[in-house]
Amino acid sequence: MNFYITTPIYYANAELHIGHGYTSVITDVLKRFHTLFGEESFFLTGMDEHGAKVEEAALAQGKTPQQLCDENYLKFVESLKTLGISYNHFIRTTSDRHKKGVQKLLTTLWNAKTPDGQSAIYQGKYEGLYCIGCEKFITEKELTPEGLCPNHLSKPKLVSENNWFFRLTSYLDKVEEHIRSGRIRIMPEGRRNEVLGLLKQGLNDFSISRERLNWGIDIPFDPSQKTYVWVDALPNYITAIGYGDDPEMFDKWWNKSQVVHLMGRDILKFHAIFWPALLMAAELRLPDIMFIHGYLSLNGQKISKSLGNVISNEHLAEQFGRDAARYLLVSQFPFHLDGDISYPRLYEKYNSDLANDYGNLVSRVVKLTIANFDGKIPPSDGTSDDHSDELAGLISTTPQKVSEQIRNIDVLSAVESIWALIRAANRYFDYNKPWELAKQGNHAKLANVLHRSLEAVRIAATLTWPIMPQKSEVVFNMLGVAPGYQPSIDLAGRQDVLKAGTVLNPLDNIFPRLQAPKEEKVETAKPADTELPEGIVTIDDFFKTKLVVAEVVACENVPETSKLLKLQIAIGEDKRQIVAGVAEYYKPEEMVGKKIVVVANLKPTKIRGIDSNGMLLAAKKGKELKLVTVDGDIPSGATVG
RNA sequence: GGCGGUGUAGCUCAGCUGGUUAGAGCAGCGGAAUCAUAAUCCGCGUGUCCGGGGUUCAAAUCCCUGCACCGCUACCA
């Protein structure tokens, strides 16, 4: 079976940081493990270059969008290189190949009929709030309390236009079926449930084109429109492997491979629902696995530009070395959970696993061999000695174990299995005390012990090759097996690979111990206020909320809702409108004339598309709700506090 | 509000369909050793398995309920 694995394509306007690096390293490690297993494997990554945001950014910098993308492409490639990412192809959505593939897909969809005989694509009108950053329409409910896009903290625009729609709704049943049956395996389980939950709630058809977009792929059947994000981005997974121009390649990597998509949870819906539906409409094979990895945080804080705690791939690689950085990213926490990176822990892990266990093993074995056997691999007569059975047992079982763990996308457990072997090798070495054998002149046993230990080193380097390929090459070279040594899972299970008499090439320590920088303490955390008990606020905090008395001058139900009232209120001279979820407790006519207490300085928002400029206060317990009003008469506008 | 997830040693986490004294790594403590990168090896954990009920001969593991945190979602604002 071939193995085809993809990362999401990274947005051209972003800066690649450790989050992207993490995704890429996971993918790279998985791909290399499959190579180690002897499978043909293909690793795709790339960039998503179209969209209004790229265009705007280019304009702001006085460049053409293409120029900007070209520049960022070079940066992306450079950044991925620092982590040793060995992708087979980097797809650019501005490439001819991709454009051609997308147009082929669109033409196919244009001619496609849904299972119930309707055309898969139809023309419709779309109106909604559109966030340029997200490249998507967002609903009012998604907005922050300030009415901004939650991801970009920018104000969405109201957009209305004709565009082409994909009849997603006709495919939802089938999609659900495939997810339930496991034909499309969504990992981990929790994410699968989330998708099923989404399907249960129902989704709408989605639009696949935009008329106001310049920077995008032409719609083949309508020159006035450009392709809209998901039908441009998602097909990268097939255009990159020849959907549009290389049927043989496409057949090999799409039809005859295990297809694995890796992603973060933000794009799960599009991958788990939209993508299979599009593929079904185009009568193409479905992907096999969607793996949703967790997000990285840094010292407990979300990694984000605005918080200023973005850490670059280059930085991590510089700090620990390329391969060690990869190891640290992959061995700290399970992929499916969010993980927190902290420098002290990174250094701890580096020193204990890489310097102490692995690096030191290599160093002690090689140096003792060189000192006693003239720098050559000594012969072994295969007799067992102290703890050699334990080591041999691990050597024969670990490869199988590791391959099972990797097939479950559980690299953390695989790492643990490999390290159990490395520790056993250290243990074996200690039990047999080769340094004493040397002093005693027991060369026969010494030869055995060192030969076994050298094989163990070779095996460790073979098993860790997918994670730390460069270091493994160094070890292979040190053992005199390189070049020409193709690490494979089979070779990791054998103890008869090294040839007696081979000259070792001594090298420096592969993982020198590192001292954590003393003042890596970037954390100022909070200005260390006067230590307030949990849940206690100061009077200043309280008065940030401006409470005033308002009079309800008019009130009506919000149509098609059961809980919402729209009310016009007067705060002194100031008139404003608020929406409140109290319709189940108060009739509109009861509200008029009431003096209520409202939060006056709440950021305006929209509820069900209606402006709301404040929030009224009410007391609620169980099924009872009462408005907060004032005792006696006081003019509206009076402050409360 | 609805759905889902998580809550196990100081830290990061394993513990599948219930069954010997609840585990690993790291940190910590004690010891051995000195080939090696002050690395290694051996020994050391009385943990309210979040709380409370229940089912069972037997529950961290199943059921109910409460709490906390997280995710998705909603006519919360």
Side-chain angles (χ1 to χ4, degrees), chain A residues 139-147 188-198 200-202 265-266 268-269 292 294-295 331-334 336-340 342 344-345 347-349 351-372 387 410 412-413 415-417 419-420 422-439 446 449-450 453 508-514 557-565 578-584 598-599 602-610 612-618 620:
Chain A
T139 56
E140 289 98 33
K141 306 101 202 171
E142 290 179 78
L143 301 176
T144 65
E146 297 82 33
E189 196 80 359
R191 298 296 164 195
R192 173 177 173 269
N193 292 339
E194 245 173 61
V195 173
L196 291 173
L198 271 173
K200 197 173 161 193
Q201 288 191 30
R265 55 176 164 268
D266 53 330
L268 172 59
K269 179 168 96 182
I292 294 80
Y295 288 142
S331 67
Q332 295 268 64
F333 19 71
H336 63 278
L337 298 177
D338 290 353
D340 186 55
S342 87
R345 218 176 291 154
Y347 278 97
E348 228 171 73
K349 186 91 178 152
N351 281 333
S352 71
D353 290 7
L354 296 180
N356 297 355
D357 289 344
Y358 181 25
N360 184 49
L361 173 71
V362 174
S363 168
R364 69 200 301 212
V365 171
V366 170
K367 285 190 182 169
L368 207 57
T369 304
I370 287 169
N372 288 286
H387 279 250
D410 185 359
L412 185 59
S413 297
V415 165
E416 275 165 14
S417 303
W419 251 257
I422 289 172
R423 288 197 194 94
N426 267 321
R427 208 175 304 138
Y428 167 77
F429 202 77
D430 263 51
Y431 272 118
N432 288 287
K433 302 187 180 20
W435 54 93
E436 270 181 24
L437 296 174
K439 280 176 200 155
L446 178 62
V449 172
L450 290 178
S453 300
D508 293 338
N509 296 331
I510 56 173
F511 296 110
R513 275 187 75 81
L514 293 178
N557 281 309
V558 177
E560 291 172 39
T561 70
S562 55
K563 291 184 183 169
L564 298 183
L565 289 181
I578 65 176
V579 177
V582 297
E584 288 171 323
V598 302
V599 179
L602 200 61
K603 286 265 172 94
T605 185
K606 286 196 179 195
I607 299 168
R608 282 291 252 170
I610 300 165
S612 180
N613 297 310
M615 169 177 126
L616 61 74
L617 298 189
K620 187 179 183 193

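Numbered from 1 within each chain, the chains take letters A, B, ... in sequence-line order. Everything numeric here is computed off the predicted structure, so don't read it as measured data.
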Euclidean distance for P, rG31(B) against rC69(B) (whole angstrom): 45 Å
Nearest-angstrom distance, C1' atom, rG45(B) to rG25(B): 14 Å
Distance, P atom - from rA59(B) to rG53(B), rounded to whole angstrom: 14 Å
Value in whole Å for how far the C1' atom of rG5(B) lies from CZ of R191(A): 8 Å
Side-chain donor-acceptor contact under 3.5 Å, R513(A) with N356(A): yes
N426(A) side chain to D357(A) backbone, donor-acceptor under 3.5 Å: yes
Worked check of side-chain contact (heavy atoms from CB on, under 4.5 Å) between L198(A) and K269(A): CA-CA 8 Å; L198(A) 271 173; K269(A) 179 168 96 182; 3.9 Å; yes
Opposite nucleotide pairing with rC72(B), Watson-Crick or G-U, both atom distances under 3.5 Å: rG2(B)
Side chain to side chain, L368(A) and L450(A), heavy atoms closer than 4.5 Å: yes
Distance in Å, L196(A) CG paired with R192(A) CZ, rounded so as to fall on 0.5 Å steps: 5.5 Å
Atom-pair distance (CH2 on W419(A); P on rA39(B)), nearest Å: 17 Å
Interatomic distance at C1', rU8(B) relative to rG23(B), whole Å: 10 Å
For F511(A), all residues meeting ring-ring contact (aromatic ring centres under 6.0 Å, His included), sequence neighbours excluded: Y358(A)
Sugar-phosphate, base or nothing in reach of A420(A), heavy atoms under 4.0 Å: nothing
Nucleotide opposite rG45(B) in a Watson-Crick or G-U pair, distances under 3.5 Å: none
Residue closer to the 5' end of RNA chain B, R265(A) versus R345(A) (nearest nucleotide): R345(A)
Sugar-phosphate, base or nothing in reach of R427(A), heavy atoms under 4.0 Å: sugar-phosphate
Pairing residues for E194(A) by the salt bridge (Lys or Arg N to Asp or Glu O under 4.0 Å) criterion, not counting sequence neighbours: R191(A)
Earlier contact from the 5' end, RNA chain B, for E194(A) and G359(A): G359(A)
Under 4.0 Å protein heavy-atom contacts per nucleotide of nucleotides 23-35 of chain B, with B for base, S for backbone only and - for none: --SS------SSB
Interatomic distance at P, rC49(B) relative to rC26(B), whole Å: 25 Å
Q332(A)/V415(A) under side-chain contact (heavy atoms from CB on, under 4.5 Å): CA gap, chis, key distance, verdict: CA-CA 10 Å; Q332(A) 295 268 64; V415(A) 165; over 6 Å; no
Integer-rounded Å distance: rC72(B) C1' and R192(A) CZ: 16 Å
Qualifying residue for side-chain contact (heavy atoms from CB on, under 4.5 Å) with N432(A), from W435(A), F429(A), Y428(A): Y428(A)
Atom-pair distance (CG on N426(A); C1' on rC42(B)), nearest Å: 14 Å
Spacing between Y428(A) atom OH and rA36(B) atom P, to the nearest angstrom: 19 Å
Pair partner, rU12(B) [Watson-Crick or wobble, under 3.5 Å]: rA24(B)
Results of ring-ring contact (aromatic ring centres under 6.0 Å, His included) for Y295(A) - residues two or more places apart only: none
Criterion ring pair (Phe, Tyr, Trp, His ring centres under 6.0 Å) on Y431(A) and H387(A), from CA distance to verdict: CA-CA 7 Å; Y431(A) 272 118; H387(A) 279 250; 3.6 Å; yes
Base-pairing assignment for rA32(B) (Watson-Crick or G-U wobble, both under 3.5 Å): rU40(B)
For S363(A), all residues meeting side chain to side chain contact (heavy atoms under 4.5 Å, CB included), sequence neighbours excluded: K367(A), N509(A)
Separation of rC76(B) C1' from L616(A) CG (nearest whole Å): 12 Å
For nucleotides 14-16 of chain B, list the nitrogen or oxygen atoms of the protein found under 3.5 Å from its nitrogen or oxygen atoms, one pair per line.
none

Touch class at under 4.0 angstrom, heavy-atom based, for G197(A) against every strand present: nothing
Nearest-angstrom distance, P atom, rA24(B) to rC67(B): 35 Å
Pair partner, rA59(B) [Watson-Crick or wobble, under 3.5 Å]: none
C1' atoms of rC16(B) and rC70(B), separation to the nearest Å: 24 Å
Sugar-phosphate, base or nothing in reach of I510(A), heavy atoms under 4.0 Å: base
Sugar-phosphate only, base, or nothing, as touched by N509(A) at under 4.0 Å among non-hydrogen atoms: base
Rounded distance (Å) that lies between atom P of rU12(B) and atom CG of L412(A): 14 Å
Interatomic distance where NZ belongs to K269(A) and P belongs to rC3(B) [whole Å]: 21 Å
Between rU17(B) and rC76(B) - C1' atom distance, rounded Å: 40 Å
